[in-house]
Amino acid sequence: MKIDLLDTLREKNPIAFNISNFVTVQDVANGINALGASPIMSEEKNEAEPMVQMADSVTINLGAFTEGQLQQISAVTAFANKYNKPIIVDPVAVGAVDYRKERCNELLDQIDVAVIRGNAGEIAALADVDWNAKGIDAGEGSGDLEEIAKKLAKKRNCVVVESGKTDIITDGEAVVRIYNETDLFKLHVGSGDMLSSTIGCFCGIEKDYFEAAQTATAVFDVAGEVVAKAMDKPLAGSFGVRLIDELHLIDVKTVEKEADFE
Ligand SMILES: Nc1ncnc2c1ncn2[C@@H]1O[C@H](COP(=O)(O)OP(=O)(O)O)[C@@H](O)[C@H]1O
Ligand SMILES: Cc1ncsc1CCOP(=O)(O)O
Ligand SMILES: [Mg+2]
């Protein structure tokens, strides 16, 4: 794993263009800004082309899209492919709401996506595997998580990051598992969105998106674990704040020491 990419990210300070959701947009912007990227958000279709031109990566979060926003997303992703900017898609709750799954699949049919990052319920839905997703959460299912992630990666010819207690990252052939974790991630709405946008930042500085996704996920998971270990009381609100602090503080040495992966 190329953990040094964390230093590269801070040297390059990539512009990370995000179409976010209104629920978690501030955590996402502050999290990736603290990490060392330069976030910019937009909801305006008419500025899609210059936004994409100046950006190093484009992260599309489908957490609370509207019909109008779908048109913006279509324009932005078309420009991203035209200008060779990596697209990261976070398919929030596509396992729970058919309308979301249909719109997400239409989008994925139109574009070349670099990375899809979702929980097991979301990845299973896009891979056409039976699963009982629960709202924005993974829910329950009995399928083989690695096979499901690989199936989607092959179907969409992209890297898939399937998050959970163990995070699974695959390009459809090779699989990397990251074991760092804390239950506090589940108590903080937006953990997944922050992870997806962190992956966007690393894809903006590393053209090997499989490597970029691994480093991003390791940095994010280790940051959460470090915070949880240092907390006297494991409380949801302070975790959210301290996670942003740790994304600011975390360094290559800490990730090298703490990352638990194979
Ligand atoms: N059961 C779990 N135990 C510990 N950490 C988890 C668990 N599920 C997810 N995580 C962590 O939470 C972060 C967000 O992932 P996840 O909760 O799956 O996304 P989402 O918020 O989109 O559902 C990831 O860093 C992941 O490693
Ligand atoms: C609660 C909620 N509702 C629509 S988007 C959203 C945030 C989802 O965030 P995450 O998937 O990172 O937990
Ligand atoms: Mg999510």
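Counting begins at 1 with the first residue of the sequence. As the structure lists them, so they are numbered: ligands from 1, and atoms in each ligand from 1. Predicted, not measured: the structure shown is a model, and the values here were computed from it. Values below: every heavy atom of this structure, side chains too, minus hydrogens, waters and symmetry copies.
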Tell me: protein heavy atom nearest [atom], and distance?
atom                    : result
atom 3 (N) of ligand 2  : Val23 CG2, 3.9 Å
atom 5 (S) of ligand 2  : Gly63 O, 3.2 Å
atom 13 (O) of ligand 2 : Gly190 N, 3.3 Å

Between Glu106 and Arg103, is a salt bridge (charged side-chain N to carboxylate O under 4.0 Å, His left out) present by the stated rule, with each step listed? CA-CA 5 Å; Glu106 281 166 9; Arg103 298 295 83 72; 2.9 Å; yes
What do you reckon, does Met194 put a non-hydrogen atom under 4.0 Å from ligand 1? no
Counting both backbone and side chain atoms, is some N or O of [X] under 3.5 Å from an N or O of ligand 1?
X      : value
Gly192 : yes
Glu122 : no
Asp167 : yes
Asp193 : no
Thr182 : yes

Contacting atoms of ligand 1, where contact means under 4.0 angstrom from a heavy atom of [X]:
X      : answer
Asp221 : 24 (C), 25 (O), 27 (O)
Phe220 : 25 (O)
Glu181 : 3 (N), 4 (C), 5 (N)
Ile136 : 23 (O)
Asp183 : 3 (N)
Gly164 : 6 (C), 7 (C), 8 (N), 9 (C), 10 (N), 11 (C), 18 (O), 26 (C), 27 (O)

How are the rings of His188 and Phe239 set relative to one another: parallel (under 30°), tilted (30 to 60°) or perpendicular (over 60°)? perpendicular
Aromatic contact between Phe220 and Phe185, with the criterion being ring centroids under 6.0 Å apart: yes or no? yes
NZ/NE/NH1/NH2 to OD/OE distance under 4.0 Å, Lys150 and Glu146: no
So, are Glu181 and Lys165 salt-bridged, with charged N and O less than 4.0 Å apart? yes
Would you sort out whether Leu126 and Ile116 count as a side-chain contact (heavy atoms from CB on, under 4.5 Å), showing the intermediate values? CA-CA 10 Å; Leu126 296 180; Ile116 301 173; 4.1 Å; yes
Option passing side chain to side chain contact (heavy atoms under 4.5 Å, CB included) with Asp193 (candidates Ile136, Asn61, Thr59): Asn61
Report the part of Ser191 (side chain from C-beta onward, or backbone N, CA, C, O) that has a heavy atom under 4.0 Å from ligand 2; answer both or neither where that applies. backbone
Answer with side chain, backbone, both or neither: which part of Asp193 has a heavy atom less than 4.0 angstrom from an atom of ligand 2? both
Within ligand 2, which atoms have a heavy atom of Gly192 less than 4.0 Å away? 12 (O)
Residues Glu262, Arg177; criterion salt bridge (charged side-chain N to carboxylate O under 4.0 Å, His left out); working and verdict: CA-CA 6 Å; Glu262 61 175 352; Arg177 303 158 200 88; 3.6 Å; yes
Note: Arg117, heavy atoms under 4.0 Å from ligand 1, region reported as side chain
Taking all non-hydrogen atoms of both residues into account, name the closest pair between Ala212 and Leu5 and its distance. CA-CD1, 4.3 Å
Would you say atom 17 (O) of ligand 1 touches the protein, meaning some protein heavy atom is under 4.0 Å from it? no
Would you sort out whether Lys155 and Asp128 count as a salt bridge (charged side-chain N to carboxylate O under 4.0 Å, His left out), showing the intermediate values? CA-CA 10 Å; Lys155 178 179 176 188; Asp128 306 308; 3.0 Å; yes
